[in-house]
Amino acid sequence: MDKINVNNQELTKAQGIENPKRAQWQPGLKRLLSVKEAASYLNMSLPTFRELYFSGAIPIIKGNDNEKIRVDLFDLYKWIEQSKTRYTF
């Protein structure tokens, strides 16, 4: 299998992440997560996470009929950034 050379800047630009310093891919880091792993990463229950991807808030990667649904780690980073708010009085 050939290696694909893509730098962090190209990856974050392709994913539309506004702050690439917070979402840089690192060698050895698993990029595609199972639904269970993604829910755990966000520290939420599986049903709550499923609501997010069923509503379209977080994109999923769906393979063939027999393959599991996967979630891109960069999409989780992007969702976290978009979900941030500031407390105001």
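For this chain, numbers begin at 1 and follow the sequence in order. Since this is a predicted model, take the numbers as computed values, not measurements.
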Hydrophobic cluster identity match, Y77 and L32, side-chain contacts under 4.5 Å: no

CD1 of I58 to CD of Q82, rounded to nearest 0.5 Å, is 9.5 Å

Contact between L33 and L76 at the side-chain level, heavy atoms closer than 4.5 Å - yes or no? yes

Do any side-chain atoms of residues 36-50 form donor-acceptor pairs under 3.5 angstrom with protein atoms, and if so which ones, sequence neighbours left out?
| from | atom 1 | to | atom 2 | distance (Å) |
| --- | --- | --- | --- | --- |
| E37 | OE1 | K30 | NZ | 3.1 |
| E37 | OE1 | S34 | N | 2.8 |
| E37 | OE1 | S34 | OG | 3.4 |
| E37 | OE2 | K30 | NZ | 2.8 |
| S45 | OG | T48 | N | 3.3 |
| S45 | OG | T48 | OG1 | 2.8 |

Residue pairs involving residues 51-61 (criterion side-chain hydrogen bond (donor to acceptor under 3.5 Å, both in side chains); sequence neighbours excluded): none

Can I61 be reached from F54 by stepping across I, L, V, M, F, W or Y side chains whose heavy atoms are under 4.5 Å apart? no

How many angstroms lie between NZ in K62 and CD1 in I69, if you round to the nearest 0.5 Å? 6.0 Å

